[in-house]
Amino acid sequence: MDSSKKIRYERPLIKPINAMMPGKTGKDTYLVPVLDVDGVPVSALVEKYGSPLFVFSERKQRENIQRAKRSFTTRYPKVHFAWSYKTNYLDGICKIFHEEGSWAEVVSGFEYDKAIRNGVSGNHIIFNGPAKTKDDLKKAITNGSFIHIDNMDELYLLSDLSDELSIKPKVAVRVNLDTEINQIWDRFGFNYENGQAWDVLCKIVRMDKFELKGLHCHIGTFILTAHAYAVAAEKMANLACNVKQKLGVNIEYLDMGGGFASKNTLKASYLGGADVCPSFDEYAEAISTAIYKAPFKTSDLPVLILETGRALIDDAACLISTVLSNKRSSSGRRFTIIDAGVNMLFTSFWYDHKVSPAQPFSKYYEDVTLYGPLCMNIDVIREFVSLPLLNRGDHLVIHNVGAYNVSQWMQFITLRPYVVQVSREGKVSVLRKRETIETIVNQESSTTDNL
Amino acid sequence: MNEEIKVELKSFVKSILLSYAGIFFSKSQWFGLFLLLVSMIYPVAGLCGLLCCMFVNALAFSLSLNREKVVSGMYGFNAVFTGIALGSFFPYNSNMIAFLFAVSILVLFLEVWMDDVFERRNVPFLAFPFLICLWCVLLVAQQSDDFTGFTGLMGGDRSILQLGDLSLAPLLEDGFWSFLPTVFVEYFKSFSFIFFQTNVMAGVCIALALLFYSRIAFSLSLIGFIGGYYLYDFIGGEIYHLPILYFGFNFILTSIAVGGYFIIPSRNSYLWTLLLIPVQFMVILASSRLLSYVYLPTFSLSFCMVSVLFLYLLRRRKSFTSPVLAYYMEDNPEATLYYYELNKNRMATLNYLKIYLPFMGVWKVSQGHDGQYTHKKAWKQAWDFVVEDSDNRQFSGDGTHLSDYYCYMKPVIAPADGTVEAVFDGVDDNELGAINDKQNWGNYVVIKHADGVYSALCHLQKDSFKCRVGQKLERGEFLALCGNSGHSPYPHLHFQIQTQPEMGTQTMDFPIATYLAAGEVKVGTCPQEGESISNVESNAQLSSYYQFEVGDELVVTSEKYGEERWTVCRDIYNYTYIYCANKKAYAWFENDGSMFYFLKYKGTKSCNLYHFFCSNYKVPFVAGVWFVKDAFPLVHQQNGWVKFLQDIVAPFFSFVKIEYKASLEKGELRSTYTDKVSGRVVENVQYETSYSKNRLAFVSVKTRKQSWKILFIK
Ligand SMILES: Cc1ncc(COP(=O)(O)O)c(C=O)c1O
């Protein structure tokens, strides 16, 4: 034996043998070290961009959108995807989806401007949300974007703007409905079951100030049953047929919103996310079958729009992080503190993100709690995860972090890290630079204003 | 009133000129005028021809015969010949004039009757009426003292020479042309003999005019005559005591008629031109022998008989292979050829029923027509479709289950409106890799779209049918799910168009109306193996800009060509066109609801309409991002020399291409006009068509040298 090579010390661990039958969830997930992202070594990435680090995979994004499109377009003749900006509005990400033919779905003036900057033409932008300002609406009307009306006050404002600009805004009505699941997002739009939606549709047609183009619903997020979409689509399709029959207006599109589940595991979920989330095929089958049931003429079938967000991007990104320290709790539980906290991994509030070590490891596992670096008690990445023993400086890869994190993250205590992307050819590009102190202080000011 | 007379007079003049042009199947009034002048080299004969023609046409007008036909010179050209013949054989006196009118009436009688008889058989009556009248004239003349006799023609004493001392005179002496090989002297003389002249100079003029009118017609006349001449030589024609001059023009006229006018010029049409020479000889020798008993010449009998018989034979064919008959004659044979070549593909959507793809989304053609696996013999015109991902895999996971296949259980839809003719259900799906030979087609549905047009969709999934026999279908309606039944080792959809309702009958080569392949909008073509294709989504917005209704007036202006007024009109063939009154330009177009496209442009190229034609040559109303390619007819070649060469070789190959490419980007149509001579770009014009609310706004034009804008100011 080569005495010059030091053998790594591994702390002895006594673990009760627990040889029961595997449960319904199978045995512990078998962990493999994740050494690279689409062929680029984790160590090289960390060396270049530091830790923590968000890494997106272009290949995966394209694969996802192509799979989703294939599922829908082979079942329904007219389908458009609209990239939900709030999910992730980094230009480099949006551009991939736009290249793949997606329109843009935005919910604020800021997102609207971003879509325009990304070269999306006005008539391919869907403007959602309960908080559109007057200026936002003006912009959207003149650009011919589709405005989805959320409430009566917005309707009246739009009516005034229609007079002011002498343009008929292109609108759709956001409908909320009961889809036989627990989530009922009735705070947005007009209710289907109690007739609100019908009333507002009548009103819009009677006012004759709008081009009524579509109906919109977004039944919630992370919907784990395709049946909910079948219910929603059937109700929407019938509503559209009624509008045609009774109000004489042809509804050109049905926008079924987003909400498809991603491969993440929800907290308190018994089964792993990858095993329970319906495939695009199942969602597509449910929605298209439901629309076909309605009495549309084949040539008059409305366009189907989908605002899918998380299911397209979640598994296309990971967060590389580094172990800062290990310690034991009062009860003896192992704590591992890493350099990525809930300030940048917002989704760890509702997901049990899958975590893999980024280097080879021994066969000994221990249950640990993964904490972030913040001095706040809420900063927990995983409350309970079985991991091999990790030392300070080791790297971890946190999976399925593509959706909502780089848009919902906050600058709190630490600065936000680099976001990079690995292209299909294996080249790395920076999507967003690491923040520096200048990023923050440049926004600060001490001038006094006279009001 | 005055205006009306002017119009009448114009049509009358046109009918006269076209009567002359019609001798060489031309529609050019200039060519007609030229021939008229040439016929006047012997003034008496020429005037008689003109008089006869005028009389016949005037009579035809006043008797309300089909006006179009009269104006086209159809009734006049036999009259021209007859008049000239009369003038050539009789001295000019009042008797002869009276006789001329009588013969004219007979010509018209014969023409109208023959037109009817021949039209039923779809063949032209050519010069038959003239021939009969000529014989009448000669039979009458044989009894007259004034008659100079047919051989008297050779005297040539009645030429314009006698009228004055013209400096052209030497040219008119045949001796002047003795430097030419005899074959060419005879060739030119034969041209002039068409007008009962024997003057080389006249022949040269006619031949040059013919060359100017059509390179193909000219080359055919040369080939036909030279062929005839040498055959005559070879068989020792002199022994028949019949100088070639008396019948040589038959070869010229037959080759033009058969090689390029009634038939699309092609290698085969040229070949037939040669093959018909010995046949004509037979007819000439036999008929001249027979007619010699009554002292009559055979004259153009062989041209009329052989051409008509040959055309008749071609019309009786069961399938229309080469040589192809021309259904619509353009200005000259080369134009007919260019438009034919182009429209073979371009007009497919006009002539065929519109059949689309029987599925939704992007599918790949895994086996095309004449496929290597099963698409053979009577079933060769079929397609197999599968769904693939971007890694060219047909399944997800490891592909061990039928349901791993992307296409499995995907809806199959009606490719066009129709009625369900047959449904066959009950065959189980095969396991992967296995095939069912007993029920080859598996579960299938046959739809009737029209008489003799049935589509068949096979290998469908058991119990997935949503249609019944006899059900009326709308295009796109759900039929069944894609399965793996029958001769199908892995899930795929088999699609074919057949002539009969029974499954597995003879397939047809049928184009798909419109589809999208890798961003390109394909119109009326047949999907090829390996192509990934999908149906197109229509673009109502784009379509709304091109709703031209008959009677619409457009005002268009540009700095370069000034203001123009365009009117949308419809012609008697029910084709719509835009007419620019300022520049007398026409642009025929078609809007079939799914596409706007131009068919033809006629008029000056210094015109806004011309650039509108080039820039919006083909605009499919398709949503999304796409491009489309097409070609312009080669008549638009701007370089005269290139065009001359191209025309000559056109029946055999083409080295000129004028390409059109357009794409829709950000709601604007970007198009290019590229003229390529043997692969080298010689001209490139870029256009951008922009729209404002519900109409065309402007077209910006960029050539290599300059750029300008054409504004639409309704
Ligand atoms: C209106 C609307 N559309 C689309 C989305 C995207 O949803 P998801 O990311 O769940 O697909 C959201 C998210 O909340 C939304 O509110």
Side-chain angles (χ1 to χ4, degrees), chain A residues 58-81 98-103 116 119-124 142-144 166-168 170 211 213 250 252-253 279-282 284-285 288-289 291-293 296-304 424, chain B residues 356-364 385-391 393-397 403-414 416-417 466 472-479 481-482 493 516 519 532 534-542 593 623-626 664-668 693:
Chain A
E58 179 187 358
R59 181 185 56 78
K60 193 76 200 158
Q61 288 164 64
R62 290 195 192 266
E63 232 175 71
N64 287 344
I65 179 71
Q66 284 167 9
R67 178 150 27 85
K69 272 175 92 168
R70 197 166 50 237
S71 297
F72 278 91
T73 56
T74 51
R75 289 182 169 86
Y76 195 80
K78 305 172 217 169
V79 183
H80 286 297
F81 278 81
H98 296 323
E99 267 175 37
E100 293 286 343
S102 293
W103 296 5
I116 292 285
V120 183
S121 63
N123 58 356
H124 288 174
T142 40
N143 285 338
S166 5
I167 306 176
K168 279 188 171 184
K170 293 197 254 176
E211 282 184 53
K213 293 284 190 185
N250 198 28
E252 286 173 23
Y253 69 81
S279 64
F280 287 126
D281 278 314
E282 288 168 72
E285 187 68 36
S288 57
T289 312
I291 299 178
Y292 286 134
K293 274 193 206 154
F296 289 113
K297 268 185 67 183
T298 309
S299 47
D300 285 348
L301 280 169
V303 171
L304 171 62
R424 275 175 298 184
Chain B
Y356 297 85
L357 298 172
F359 49 73
M360 294 179 272
V362 183
W363 292 52
K364 184 169 173 169
F385 299 112
V386 297
V387 180
E388 279 193 352
D389 60 22
S390 51
D391 297 329
R393 291 182 354 140
Q394 296 177 17
F395 47 82
S396 62
S403 57
D404 288 345
Y405 278 77
Y406 296 128
C407 69
Y408 189 64
M409 290 181 71
K410 290 290 159 65
V412 173
I413 57 175
D417 295 354
K466 290 274 161 61
K472 289 249 181 303
L473 291 170
E474 203 186 318
R475 175 194 160 201
E477 252 181 87
F478 187 101
L479 300 173
L481 297 175
C482 175
L493 171 66
L516 209 62
S532 288
S534 62
N535 277 318
V536 297
E537 194 186 315
S538 59
N539 188 336
Q541 180 92 43
L542 192 59
V625 186
W626 50 260
L664 190 70
E665 287 163 38
K666 299 245 159 80
E668 276 187 1
K693 194 145 181 66

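Atom set for the values below is all heavy atoms of this structure, side chains included, hydrogens, waters and symmetry mates excluded. Protein chains get the first letters and strands the later ones, always in sequence-line order, with residue 1 at the start of each. The structure presented is a predicted model; accordingly, all values stated were derived computationally and were not measured.
Contact detail for Glu477(B) and Glu474(B): the closest heavy-atom pair is OE2-N, 2.7 Å. Across Ser534(B) and Phe359(B), no two heavy atoms sit closer than the pair CA-CE1, 4.4 Å.
Scored by the side chain to side chain contact (heavy atoms under 4.5 Å, CB included) test, Val386(B) finds Lys364(B), Ser366(B), Glu388(B), Gln394(B), Tyr490(B), His492(B) as partners (sequence neighbours excluded). Checked against side chain to side chain donor-acceptor pair (under 3.5 Å), Thr74(A) has the following partners two or more places apart in sequence or in another chain: Lys410(B). For Tyr292(A), the ring-ring contact (aromatic ring centres under 6.0 Å, His included) partners two or more places apart in sequence, or in a different chain, are Tyr76(A).
Here Arg424(A) pairs with Glu58(A) in a salt bridge; the nearest charged N to carboxylate O distance falls below 4.0 Å. Using a 4.0 Å cut-off between a side-chain N of Lys or Arg and a carboxylate O of Asp or Glu, Glu252(A) and Lys213(A) qualify as a salt bridge.
In terms of heavy-atom pairs under 4.5 angstrom with chain B, the leader among Arg75(A), Lys297(A), Glu285(A), Lys78(A) is Arg75(A). By number of non-hydrogen pairs under 4.5 angstrom with chain A, the leading residue of Met409(B), Met360(B), Lys666(B) is Met360(B).
Within residues 60-67 of chain A, the residues having any heavy atom closer than 4.5 Å to a heavy atom of chain B are Gln66(A), listed by residue number.
When heavy atoms are compared at a cutoff of 4.5 Å, Glu537(B) approaches chain A solely by way of its side chain, counted from C-beta outward. If you measure heavy-atom distances from Val303(A) to chain B, the contacts under 4.5 Å come from the side chain alone. Both the backbone and the side chain of Asp389(B) have a heavy atom closer than 4.5 Å to some heavy atom of chain A. For His124(A), no part lies under 4.5 angstrom from a heavy atom of chain B.
A cation-pi contact, defined as under 6.0 Å to the ring centre and within 45° of the axis, links Arg70(A) to Tyr406(B).
Side-chain polar atoms of Ser279(A) and Asp281(A) form no donor-acceptor pair below 3.5 angstrom.
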